[in-house]
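Taking it in order: structure first as structure tokens, then the write-up.
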Amino acid sequence: MNYWLVKSEPFKYSWERFVQDGQTFWDGVRNYQARNNLRAMHSGDLVLFYHSNEGLAVVGVARVVKESYQDPTTEDERWVAVDIEPVETLHTPVTLDAMKREPALANIALIRQGRLSVLPLTKEEFALIRKKGRTS
DNA sequence: GCCAACGTTGGC
DNA sequence: GCCAACGTTGGC
């Protein structure tokens, strides 16, 4: 079981819409590092859903329901998509600012490599963010 | 809306 | 194969 974080601009595709849809395919990634992370996802992996640009916070938890396949939005075989479904909406969004202030999260790619849109988390990092979202 | 970071492209 | 130019992302 692996843990991930994906970014979406709420204007393009928000958590609220994702919950309404019940499932979505995660496509449009055009960055090799992000693509490699998508490819490494397995069914059942848990994914934090982060709102970039607006919100700047982790707002929910999702689960991978279908492993990587050819991105349906392009003919280009380099790119892949995965299917995910919502698991839970966080009681309180965990803001980027809060994560920056958390020493245990100093090394996550969200902070160190701001532009990466699909990134891995350790089990501990994932658990900490989820816990903050449930309680704080 | 600006700008920093960083990935990609293309000329040499 | 280097590196400058350019494009994109995302925080502020």
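The chains referred to below are lettered A, B, ... by the order of the sequence lines, with proteins before strands, and numbering in each begins at 1. Since we're looking at a predicted model, the values are computed, not measured.
Residues meeting the side-chain contact (heavy atoms from CB on, under 4.5 Å) test with A:Glu75, sequence neighbours left out: none. Taking A:Gln23 as the reference, nothing meets the side chain to side chain donor-acceptor pair (under 3.5 Å) condition, with sequence neighbours excluded. Annotation: salt bridge (Lys or Arg N to Asp or Glu O under 4.0 Å) contacts of A:Arg30 (sequence neighbours excluded): A:Asp71. For the side chain to side chain donor-acceptor pair (under 3.5 Å) test, no residue two or more places apart in sequence or in another chain qualifies with A:Asn36.
Grouping Ile, Leu, Val, Met, Phe, Trp and Tyr residues whose side-chain heavy atoms lie under 4.5 Å apart, directly or via other members, places A:Val64 in a hydrophobic cluster with A:Trp4, A:Val6, A:Tyr13, A:Trp15, A:Phe18, A:Val19, A:Trp26, A:Val29, A:Leu38, A:Met41, A:Val47, A:Phe49, A:Val59, A:Val80, A:Val82, A:Ile84, A:Val118. Using a 4.5 Å cut-off between side-chain heavy atoms of Ile, Leu, Val, Met, Phe, Trp and Tyr, A:Tyr32 falls into a hydrophobic cluster with A:Trp79.
Atom-to-atom, CZ of A:Arg112 to P of C:dT9 comes out at 22 Å; the value is rounded to the nearest Å. Atom-to-atom, CD of A:Gln113 to C1' of B:dG7 comes out at 10 Å; the value is rounded to the nearest Å. Atom-to-atom, CG of A:Leu110 to C1' of C:dT9 comes out at 13 Å; the value is rounded to the nearest Å. Per the geometry, NE2 belonging to A:His51 stands 17 Å off C1' belonging to C:dT9, to the nearest Å. Put simply, CZ on A:Arg115 is 5 Å from C1' on C:dT8, counting in whole angstrom units. The distance between atom CG of A:Leu119 and atom P of B:dG7, rounded to the nearest whole Å, is 13 Å.
Within the structure, every pair that satisfies the salt bridge (Lys or Arg N to Asp or Glu O under 4.0 Å) test and touches residues 82-98 of chain A, not counting sequence neighbours, is listed here: A:Arg63-A:Glu85, A:Glu88-A:Arg130, A:Glu88-A:Arg134, A:Asp97-A:Arg101. Screening residues 104-124 of chain A for salt bridge (Lys or Arg N to Asp or Glu O under 4.0 Å), with sequence neighbours left out, gives no hits.
No continuous path of hydrophobic side-chain contacts links A:Val65 to A:Tyr3 [ILVMFWY only; heavy atoms under 4.5 Å]. At a threshold of 4.5 Å between side-chain heavy atoms, the hydrophobic network of Ile, Leu, Val, Met, Phe, Trp and Tyr places A:Ile129 and A:Met1 in one connected group.
In this structure, A:Val87 and A:Ala62 approach most closely via the heavy-atom pair CG2-C, 3.7 Å.
Looking at heavy atoms from C-beta onward, A:Leu56 lies in side-chain contact with A:Tyr50 at the 4.5 angstrom threshold.
Within residues 95-104 of chain A, the residues having any heavy atom under 4.0 Å from DNA chain C are, by residue number, A:Leu96, A:Lys100. DNA chain C lies under 4.0 Å from at least one heavy atom of each of the following residues of residues 3-15 of chain A: A:Lys7. Near DNA chain B, meaning a heavy atom under 4.0 Å from it, residues 30-38 of chain A has A:Asn31, A:Tyr32 in order of number.
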- Task: Classify every nucleotide of nucleotides 1-6 of chain C by which part a protein heavy atom approaches to under 4.0 Å, writing B for the base, S for the sugar-phosphate alone and - for neither, in 5'-to-3' order.
- Result: ------
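Residues A:Lys132 and A:Glu102 are paired through a salt bridge, judged by an N-O separation under 4.0 Å between the basic side chain and the carboxylate.
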